[in-house]
Amino acid sequence: MTPLDKVEGRAIPFGLKNVDTDVIIPAHWLKTTTREGMGKGAFESLRTDPDNLFDSAEFKGAPILIAGDNFGCGSSREHAAWALGDLGIRVVIAPSYSDIFSGNAVKNGILPVVLPQTAIDRLMEVATTDPVFVDLEHQTVTTQFQDRFTFEIDPFRKMCLLEGLDEISLTEKSDAAIGAYERQLDTDRPWMRPAA
Amino acid sequence: MTRPRTLYEKIWDAHVVEQRPDGTCLIFIDRHLVHEVTSPQAFAGLRASGRTVRRPDLTLAVPDHNVPTTPRRDAAGKRLPIADAESAAQLAALEKNAPEYGIRYIDAVAPEQGIVHVVGPEQGFSLPGATIVCGDSHTACHGGIGALAFGIGTSEVEHVLATQTLLLQPSKTMEVRVEGEVGPGVSAKDIILHITGVIGAAGGTGHIIEYTGSAIRALSIEGRLTVSNMAIEGGARAGLIAPDEVTFEYLQGRPYAPKGADWDAAVEYWTSLATDPGATYDKSVVIDAADIAPSVTWGTSPEDVVPITGIVPDPASFADPSKQAAAAKSLAYMGLEPGTRMQDVPVENIFIGSCTNSRIEDLRAAAAVIRGRHKADNVRWAIVVPGSGLVKAQAEAEGLDRIFIDAGLEWREPGCSACLAMNPDKVPAGERCASTSNRNFVGRQGPGARTHLVSPAMAAAAAVTGKLTDVRELMDS
Ligand code: SF4
């Protein structure tokens, strides 16, 4: 996973509330075999509009997405995070998220920033013309004007994102403990190994 | 003396590799079941990071979700291609990944192929006291034999493949005790539908449900798997039923189950897992088995349960305003009027199958009702999908296939089928289906499809009469 510390650039002033994972990535993309390339399916239903933000010259490839309340609700599909990542998004800024979505986002190197609606409103305004700066280390979102918003994040999630550690790399640090458990299991319950 | 513990606590404690300061534990996973839909990205992730599968010997792969249930070989025995290109690609990915990583693989045309949650116990791969995971929420099913089993997401599938562990927070415990004897025509499916109606779809959230009481003890393994399967519909990540003689008898001699002296040691261990006298649960619900009728759902949440003798409820009859709104929305989707007798609701489709109800006992129960009868004319589509190739062979040896076919039902190849409508088996928009599966969500059996969850005997009764029917009226007394 690519570490994430400072993300600077254009932020898509999307702003919609209750965006469910079906909107982020429609169900027919669940039949795929790779995580890659799913950006094509991201927000598919909205992107049939030729004037949509995601494909505009200004916002195509923008690393930040600004959204409304309850972003990522609905089905637990991890494909939603993959789709955003493939679209180039590293940070989502919204007043709230579904729990599963924010967990999936972090697992895939995407920072879900929680800010109050007033801050979202201001950032939406700035984003239409100017870049937004996100600093995970200091937990701030700033602009080139006087704006400075601080956000909270679980320390474990912060560490994972800063170091680019996925959970697997973290668990691999416990390799010796897992090996010891396996040896003990073979002694205590040798019959747990499948017989055939 | 050690503190009395529940079945869940005993299994949990036996699997802690490491405990983190915040209470999160690294839990060892004894069995990992893999299917074609939620695994390709996990294998791609392994490949991208140059990792391997830590314990291929504890992993079993079998395709089930989108394999077609139409014949898989032509008359000459040649394997037929899958028409849907995306499904074919997912299947091809599993077929390539399993051998590449040294994982046991039951292919789509093997005699043992079937729904993962049917295959696991049937092969003796799932064992009591084991931790079992799979990228499918109905993994809860394996709790029927006393395994701590739950569904996981694709990143977690990759995590288990790479490390054979998961990072988990301990759950709270909930006891659902069903005491007494159920009446005639009442099956394990009716018990779990009734429970879901009583506790609600969020009743078990954050909990692991242990099902106890004489009505649960009296169930066969097939019935226990049905009950535990739908723990997730009650909001719990897993269900559990303490292993006993019935469990041991079911498992003994199965291909992957322990043999000889190992078997005896295993039985001794499994027997020690039962909840200790004096152990407490965080929450308890007691249900009188005599209150359970053959049941049916009327809405789009599995908690929307009434006895078949009941009526479609009036949304205004619910105390909670959000439930009132949800019920009104459900009824609009289902095309039902409050006050309609459930037995007056016509059905055009019948689905007997899914990991909830596709084992041999389920098929026997359905066949017992269908025998000597014919499906009603208004029933357009009625399919019976056995849970595995072995169930199918057993049913054919007993002549059940003939009973279904003679009655005008279709006899299919094993798989998930119309449970989630990922393969071509779908219920058309606006039409109703009496289904033995586990989810009546909007669009679950196809866009616009209207699902009524029932037991296999009740689905068979609906096939015969063309409407939701009290199976007791068709039973020989
Ligand atoms: S039958 Fe349905 S619930 Fe069971 S594994 Fe298949 S899709 Fe999931």
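Below, read A as the first sequence line, B as the second, and so on, with proteins coming before strands; counting in each chain starts at 1. On a predicted model such as this, the values are computed, not experimentally measured, just so you know.
- The most heavy-atom pairs under 4.5 Å with chain B, out of A:H79, A:R193, A:Q184, come from A:R193.
- With a 4.5 Å cut-off on non-hydrogen atoms, A:E167 touches chain B through its backbone and its side chain both.
- With a threshold of 4.5 angstrom between heavy atoms, B:H65 does not approach chain A through any atom at all.
- Under the 6.0 Å distance and 45° angle rule, B:R254 counts as a cation-pi partner of B:Y250.
- The choice from A:T34, A:L170, A:I168 that makes the most heavy-atom pairs within less than 4.5 Å of chain B is A:I168.
- Using a 4.5 Å cut-off between heavy atoms, A:I100 does not touch chain B at all.
- Using a 3.5 Å distance cut-off with no hydrogens or angles, the side chains of A:N52 and A:D55 do pair a donor with an acceptor.
- We find that B:D57 and B:R55 are joined by a salt bridge, their nearest charged nitrogen and carboxylate oxygen being less than 4.0 Å apart.
- In terms of heavy-atom pairs under 4.5 Å with chain B, the best-connected choice from A:R77, A:E182, A:K107 is A:E182.
- The existence of a salt bridge linking B:E18 and B:R20 is confirmed by a sub-4.0 Å separation between a basic side-chain nitrogen and an acidic carboxylate oxygen.
- With a 4.5 Å cut-off on non-hydrogen atoms, B:A257 touches chain A through its backbone but not through its side chain.
- Contact of A:R35 with chain B is made through backbone and side chain together, with heavy-atom distances under 4.5 Å.
- Between A:E125 and A:R122 a salt bridge is recorded (basic side-chain N to carboxylate O distance below 4.0 Å).
- With a 4.5 angstrom heavy-atom cutoff, A:D188 does not touch chain B via any of its atoms.
- Looking at B:A162, the atoms closer than 4.5 Å to chain A (heavy atoms on both sides) all sit in the side chain, from C-beta outward.
- Heavy-atom distances place the side chain of B:D84, and not its backbone, under 4.5 Å from chain A.
- Aromatic rings of A:F71 and A:F101 (six-membered ring for Trp) have centroids within the 6.0 Å cut-off, being under it.
- When each of B:Q164, B:K259, B:E158 is scored by its heavy-atom pairs under 4.5 Å with chain A, the top score falls to B:E158.
- In terms of heavy-atom pairs under 4.5 angstrom with chain A, the leader among B:F28, B:F43, B:F125, B:W263 is B:F28.
- For the pair B:T59 and B:R104, the minimum side-chain heavy-atom distance is 4.5 Å or more.
- In this structure, the portion of A:D166 lying under 4.5 Å from any heavy atom of chain B is its side chain and not its backbone.
- The structure places NE2 of B:H159 at 14.0 Å from OG1 of B:T154, a figure rounded to the nearest 0.5 Å.
- Proximity to chain B (any heavy atom under 4.5 Å) is shown, for A:M1, by neither the backbone nor the side chain.
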